[in-house]
Amino acid sequence: MTDKPLIFISHISDEAKIARAFKECIEISFLGMVDIFVSSDRDIISLGSNWLDRITTALRRAEAMFIFCSPASITRPWINFESGAGWSRGIEIVPLCHSGLRPINLPLPLNLLQGIEANDETKLSDVFKLVADKIGCKLPKTDLSQLASAVREFERTYIIEVKAAPALHEISQLWPELAAGFKMTPDGNIVAAGVPEWKINLVRLALIQLRQQGLLDFSYGRKQTRIGGPDPGDFGELAIQLTPELVAISSKCA
């Protein structure tokens, strides 16, 4: 058992990249004088470890907690579970807001805490002061602009992913074959002939939402009407052009 103070970083798996960036920056800045627990870090939780036991142990040891808060993460049960565990112990909890969520918009009870915007290097110095207090050392001279830049770079694509997620999920549920086409297209072009109009209507709103977000364009031209058979009605050709950003997002979901 180490005698070093432990800082618990709470995050969802989609936001593991910036959680690890914070972990690395804190460890380097404080020369390893503090333990940083990040649940997605394989160096902390090895294969075969009891994941819940390791998290429970870390929550009991933690002297402070940083919570990565985004429009996506604050709706997840594990964030609420981990922050609730920290709250019950009375340790200091700092919401690190990013990807469009500001501290003023945090839901209860997180908005009762002193949150910061994780891409603001001047606010990040307060986070590092807290770590220094837990260690009992002076604040090291650290260039936090690089950490703030890493957060902003992460936000650049993650904000798009969060906004696109509901529409992509709807397409996946209502028309799995089209969702598979999103994942597999190398250049963003999808053309499907003989598509019944009723199938287009299933995902039309989702496609419109993605078009309004500037992530794709699509057209559907009615070509023929089929009378009788298993699929009577109007048929046509569907053409979709995905932006490179949406191609990248879709391929990650494969």
Minimum heavy-atom separation for [X] to [Y], with atom names?
X      : Y      : result
Leu130 : Ala64  : CD2-CB, 4.3 Å
Ser73  : Ser70  : OG-N, 2.8 Å
Val34  : Pro5   : CG2-O, 3.2 Å
Ser83  : Ile67  : CB-CD1, 3.3 Å
Glu63  : Ile91  : O-CB, 3.8 Å
Leu215 : Ala164 : CD1-CB, 3.7 Å

Just list the side-chain donor-acceptor pairs under 3.5 Å for residues 93-114, sequence neighbours left out, or say none.
residue: His98; atom: NE2; partner: Glu15; partner atom: OE1; Å: 3.0
residue: Asn111; atom: ND2; partner: Leu106; partner atom: O; Å: 3.3

Flag the pair [X] / [Y] as yes when at least one side-chain heavy-atom distance between them is below 4.5 Å, and no otherwise.
X      : Y      : value
Arg61  : Asp35  : yes
Met65  : Leu59  : yes
Ile116 : Leu124 : yes
Val38  : His11  : yes
Leu168 : Leu246 : yes
Val131 : Phe66  : yes

* For Glu27, what residues pass the side chain to side chain donor-acceptor pair (under 3.5 Å) criterion, not counting sequence neighbours? ->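 Per chain and number, Glu27 pairs via side chain to side chain donor-acceptor pair (under 3.5 Å) with Lys23.
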* To do: Please identify each residue that fulfils side chain to side chain donor-acceptor pair (under 3.5 Å) with Arg152, with sequence neighbours left out.
  =>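 For Arg152 the side chain to side chain donor-acceptor pair (under 3.5 Å) partners, ignoring immediate neighbours, are Ser149.
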What distance do [X] atom [atom1] and [Y] atom [atom2] have between them, rounded to the nearest 0.5 Å?
X      : Y      : atom1 : atom2 : answer
Glu237 : Tyr220 : CD    : OH    : 10.0 Å
Thr243 : Leu210 : OG1   : CG    : 9.0 Å
Ile171 : Ser250 : CD1   : OG    : 8.5 Å
Phe37  : Glu82  : CZ    : CD    : 8.0 Å
Phe128 : Leu144 : CZ    : CG    : 5.0 Å
Ile240 : Thr185 : CD1   : OG1   : 10.0 Å

* Asked: Can you list every side-chain hydrogen bond (donor to acceptor under 3.5 Å, both in side chains) pair that touches residues 161-177, not counting sequence neighbours?
  -> Glu161-Lys252
Would [X] and [Y] show up in the same hydrophobic cluster when neighbours are defined by side-chain heavy atoms closer than 4.5 Å?
X      : Y      : value
Leu238 : Val191 : no
Phe81  : Ile7   : yes
Ile28  : Ile36  : no

* **Test side-chain contact (heavy atoms from CB on, under 4.5 Å) applied to Trp78 and Ile12, step by step** => CA-CA 8 Å; Trp78 274 108; Ile12 61 175; over 6 Å; no
* Non-neighbouring partners of Phe22 that pass ring pair (Phe, Tyr, Trp, His ring centres under 6.0 Å), sequence neighbours left out ->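 Ring pair (Phe, Tyr, Trp, His ring centres under 6.0 Å) list for Phe22, sorted by chain: Phe68.
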Just distance, no hydrogens or angles: give the donor-acceptor pairs under 3.5 Å from side chains in residues 202-209, sequence neighbours left out.
residue: Arg204; atom: NE; partner: Asn201; partner atom: OD1; Å: 3.1
residue: Arg204; atom: NH2; partner: Asn201; partner atom: OD1; Å: 2.9

* List the steps and the verdict of side-chain contact (heavy atoms from CB on, under 4.5 Å) for Asn119 and Phe154. => CA-CA 10 Å; Asn119 61 12; Phe154 174 82; over 6 Å; no
* Asked: Distance-only, no hydrogens or angles: does the Ser29 side chain make a donor-acceptor pair with backbone N or O of Ile26 under 3.5 Å?
  -> no
